[in-house]
Every structure is written in structure tokens, then in C-alpha cells.
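Take a look at the following structure, please.
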Amino acid sequence: MNLALRDIRHDLSRFALTAVGLGLLLTVVLAMTGIYNGIIVDATALPASLQADLWIVQRDTRGPFAELSRLPAELEDRALAVPGVARARSYVAHTIQRELPDGRPLRFTAVGLSWPVDGGESIPLIEGRPLEQAHYEVIVDESLGLQLGERIRLARDMYTVVGVTKGILASAGDAVAFFTRADAQSIQYDQSSEAIRLDRKARTQRIRESWLGNDPEFVRFAETATGLIPAIAPAPVSAVMINVAPGASIEIVKQRLATWKDISVYSQEDQNELILGGIVEKTRKQIGLFRALLVVISTILMSLIIYTMTVDKLHSIALLKLLGAKQTVILGMILQEALLLGAIAYTIAIGVGHYAFERFPRRVILENEHMLMLALLVLAISSIASAIGMKKALAADPNEVLAG
Amino acid sequence: MSERSIAVLARKVSKHYGEGNTYVRALGETDFELMSGEVVALLGPSGSGKSTLLTILGLINEPDGGDLEIGGQVVIRAGEFVGNTNQVRRRELGFVFQRSNLIPFLTAEENVRLVLELDGVGKRIARQRSREMLETLGVGDRGAHYPVELSGGQQQRVAIARALIHEPALVLADEPTASLDKQRGRQVMELFRSAARERGAGVLVVTHDHRSLDLVDRTLEIEDGFLIAGGVALGPEGRSGERSSPTVRP
């Protein structure tokens, strides 16, 4: 006769509710694990999708992902001259938050690609194609909710969605949209006409007030569009991505570039370490601590539940002892109940997670090993919880039955 | 009924609690015997040692000294348990209490069957015997009900069924009629009597209830930890008319 099943059957609703509660708690543990994995994958997804061998960034910075980096745009051409460099592409990125005409918020990280060298051919698309023209095309992540062919207004122009990616997010979890560099910067530096007029007036005023103001040619230049003034450099880029030539050594090219005094060079692995050690580290620790806390709470809660369930039937346990039941029968009942509770809670966690996690705003990534880890964790929690109940059961005195 | 044998034989069994100023003699050196098929009532005021004797006979507490045999098997020698007391409890002892003390999460039939299954009897046979026993005790139709769904009398019948199902040598009943009215109390005592006769179990009933004492074979009285004379012993051949030989208070 299985006493554990009969005890559960007798108060099924309480057991079921307990299992559901515990299951939801385990769902949160599972979610924390998945969110942590998601953060790591998200953080490295963007640099991985760009498939660069080396990253050139502003000297002594850990850019462009872990911190701000600014480089002159012409560095792309300088890098191309280095032996072993097959391709150099500039990288610009900035976060944009706008609103679509229907009121939906539109928040994304705009990444500029070095058109025509790079139209996003290395980016894994689930739909559509890479960029094929210098302007007004965009590749977006599906999490942005835009459809292929959809047109959106950004700054002063309309852009057409020509490609869709899946899971290409910035480290903050924002979807990434790929433009040509010119478009990305045009969106970034877009100003209203009034702002432009005021900027030109201020610039002209500064020229007039300086010794340059004596020359009417300087004053005339100051009044023209910024892009037409040769003395003003084009907008800086965040980084330059390098691909080495086939057969060339990444390490050797890196060493060559590192001799330049105005830049720092990182390999793709270096970038991943900078991202994970910088941006993600604190989040990782926080989630790790939160997860540990939840495991402790789950253990305490389950121990308390099993303890209470044991205390509730202490009289029955004393009676069983009086009737000559072996210790294994009594302890087995408590262990089975704990394991069953754990198993049901685990199943609920997996089930709920299966349906809920894909609706989470941030990506939740769970592999089989994480499921196995949770199963082992539940087994450990159940064992600890049952041990506390067993200790109480062992102390049950058959005399209590006689005492009434 | 089969040939009478000694269901329980206690020799110089004693028990005390505490030391020094807190010393309490719960049971003086006591000789006691009970035949199979015999129903004996144990009477005495609170604190007289009834429960202590019951816990020793029930192999719950070890005495300070003395020997005890149950069903011809030595279970306590010189105040110490001998052999597997759990097994002796499973096979040779049956318990009935003031309140039914059925396991609340088992049905009536499962409560009875449990005793057999704990001792390794197969499920099918155990179920059949349990049903038959419940039928015999007049609660066959209540087998699928939980204790909370049974009346006090029905619960006590199920408890008696549980105490008798494995045909123990000794049934220990602690105030089994205390929570029942006179009529139901007598019914329970009659059940003990017929069970003892038909199944050959010795039944020791601890009671304050004098209403049903005409249904027992003899009564024993205990006071301050000593059995005092009372009742008539039942010899191996039936009622002998001899006085029982309890230890008399010094």
C-alpha cells in the first residue's frame, strides 16, 4: 500500500496548490537562468553577426560596446593600407526611441554599415535580403515587430524594411536595425531646420568675432551647410572592423595595428570578454545572487511544506509505529511525498516556462543541460526537505497514541 | 475455539520514572497472565499504572526489570526487549483506543488492510480478508469511507477489525468504550468477547467504564502501581474458579 499517494489523495487540493506554488517559484528560478543565458547571447550576438576579426577603437577605450569610442571616419582607409587587411568597415551605433504613426513605441539600436563594402551580407537573415542601395533601406530584428516591406519614417526620410533578423539584440536588449552608415548618421544627427539655422548663425557669429571675421570668404563659408565646409571633418565613427586576408595571421595584423598611437585593437574574443566582463558582469552577478536566493527560498519553503505535512500526520506516524510499521515505510512515505512534490513542481515549471518565456520582453535561453540542472536541484531540495520531515517523523513517539 | 494457551505472561515487570526527588514508581514488580480467548478488564484510578502496564505489554516502553512473553515468545528478558519488537507488534499485538485512532488518510478498508500489508501479506488476500473482517463486524458497507465519514461506533468497529485482522495473541484496548454511549459501549465489549472466543486472542481492556464489566471474564484492579486481587483467573481448561495471582501490594 503506497501511503504517500493515499495521503496526497486525501488532501489533493492542498497538495496540488502547494505544487503549483512551488512550481511557479521554480519557474522563476528557471527564468533567471534563461534570462542570464539570454543576456550573454544577446550581448555577444551583435558583434558576432558582424563577423570581424579585429576591432579598432579609440585609444585606451574598451569600445564600442563596453564604452563610447570615437574614431575619425578616414581610419577605415588607413587600416586598408596595412598588410594583411582584406576588408575594413566602419561601425557606428546609437539608440533611437521613436513612435510609429499608430502609437507603438519604436526603440532600437541603429547600426551603420559601411556601404557598399558591407551591405550586411554576414548578418543571418530569416527573411528578406541585405541592403542593396546606399539609402533608405533597413534590416530589422523581428522583435521590433516590423514586417518585411513595411515603411517607417525616421528623421526626414522613409525607410523600407528589406531584411529581418532573429535574436540580433544590443547588450541592453534593444533590437538592432542595420542601415548604411550615412543613413544611420543622418538619423543620429538629424536636426530641425530651425536648429540648423541657429547653429549656422552661431557659427558665423563666432567667425565674425574672431580674427577670421576680417576675411569675408570665411564668413561666407561659415554661413553654408556644414557638409560643404572642408575644414569640418565628417562625423566620427565608433570603431573600424577589420577582416584579415585569407592566410594572414590575425595576431600579426593586430600587432601591426597596435603600433598606431591613436587606437586600441581588440580581437573578437577580446570584445566578447570586454562585453561579458563589463556590461554583463554586474547583471550576471545580480541574477546569480537572485537565483541563489530563490533556490534558498525554494529549499526553505519546500522544507517547511514537507515539515508541516509531516507534523500534520505525526499522530498517524506514531500510530504506524505502534502498529509495527518499519522505519523504511514511514520514511519512504515522507521521501516519496517530497520527491513527488518536487517532480510535479518541476513539471509545472517546465510547462509554464515553455509557454511564458517566449512572451518575456528579454530573451530567455534554456538548453537541455539547464533543465537537467534544475532537475538535480529539485532532487537536492526535495531530499533536504524530506530529511527535515524524516527527522521529525523519527522522533514521533508511539506513546502519543496512547496519550490520546 | 482452539485449545487455550497463555496469551501473555509477565513476571516481576516493574517501571519507575525520574530519579531522587522526582522518583515515581509507576509499576511495582508485577506478575500477570492472560489466557488466549480471555477478556480481562483492568481497572484503576488515573495515575495508578494502567497506562504504564499497557505500554510495557504493547512493547512501547521497556520496563526496569522482569520478563514478558507474548504468544509464547519471550519479548522482554530482564527488563530489555528481545528480538524484533516491531515484528512482534505487527504479528502478535492488536491495539484499540478510546478514540478510534484510525489513520485519517486511509479508508476504513485500507486501515484494516494496512496491518496485513505491513507484514507482507499480498494485496489481494489482504483486501479480501479486510472486507470479510469488516463484514463480520457489521461495517462491510463502510469500507470505502474515510474515518471522518464514519460514526464513533463505526470507527470503533473498524479499529477493532484492525486489531483483530492479523489474529494477534494479545489485543490491548485502552478505554475503548469511553466515548460511546452505554448501548454502543456494550456492543463493543461484546465484539471483544466474541472475537476473543472465536479468534483465540487474549484481550486486556483498560477501562473506567463499569457498565459493561459483566461481559468480561475477570477484572483486575491496579492501584499505586500494584495489581490488587480481583476477578477470577481463567485456566488453560476454561474457568477454573481460582483467584488470579497478581502481586499484592506490600
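Reminder, nothing fancy here: chain letters follow the sequence lines and each chain counts from 1. Computed from a predicted structure; not experimentally measured.
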Quick check for you: among Leu172(B), Val206(B), Ile103(B), Asp119(B), which has the greatest number of heavy-atom pairs under 4.5 Å with chain A?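 That would be Ile103(B).
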
Using non-hydrogen atoms and a limit below 4.5 Å, what part of residues 3-20 of chain A faces chain B?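 Leu3(A), Arg6(A), Asp7(A), Arg9(A), His10(A), listed by number.
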
Which pairs count as salt bridge (Lys or Arg N to Asp or Glu O under 4.0 Å) when at least one residue sits in residues 122-137 of chain B, sequence neighbours excluded?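 The answer is none; no pair qualifies.
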
Of all of Thr85(B), Leu59(B), Leu106(B), Asn84(B), which one pairs up most often with chain A through heavy atoms under 4.5 Å apart?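 Greatest number of close heavy-atom pairs with chain A: Leu106(B).
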
Arg104(A) atom CZ: more than 12 heavy-atom contacts under 6.0 Å: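 Yes, enclosed.
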
For Arg91(B), which atoms come within 4.5 Å of any heavy atom of chain A: side chain, backbone, both, or neither?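 Neither; nothing under 4.5 Å.
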
Does Phe81(B) CZ have over 12 foreign heavy atoms under 6.0 Å away?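 More than 12 within 6.0 Å, yes.
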
Only heavy atoms, only distances under 4.5 angstrom. Which residues in residues 344-360 of chain A are near chain B?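 Residues qualifying by a heavy atom under 4.5 Å from chain B are absent, so none.
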
Is it true that atom CD of Gln87(B) has more than 12 heavy atoms of other residues, nucleotides or ligands lying nearer than 6.0 Å?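 Yes - once you tally the heavy atoms of other residues, nucleotides and ligands closer than 6.0 Å, there are more than 12.
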
According to the side-chain hydrogen bond (donor to acceptor under 3.5 Å, both in side chains) rule, which pairs have a member within residues 365-383 of chain A, sequence neighbours left out?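 The answer is Asn37(A)-His370(A).
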
What do you reckon, is OH of Tyr307(A) surrounded by more than 12 foreign heavy atoms closer than 6.0 Å?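 Check fails, neighbour count at 12 or below.
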
What part of Glu110(B) gets closer than 4.5 Å to chain A, counting heavy atoms only: side chain, backbone, both or neither?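 Both parts, backbone and side chain.
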
Please report the shortest heavy-atom distance between Leu322(A) and Phe97(B), naming the atom on each side.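 In this case the closest contact between Leu322(A) and Phe97(B) is CD2-CZ, 3.0 Å.
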
Hey, are the side chains of Arg162(B) and Leu323(A) touching, using non-hydrogen atoms and a 4.5 Å cut-off?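 Yes, side chains in contact.
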
Is Lys326(A) close to chain B through its backbone or its side chain, or both, or neither, when contacts mean heavy atoms under 4.5 Å?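 The answer is both parts of Lys326(A).
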
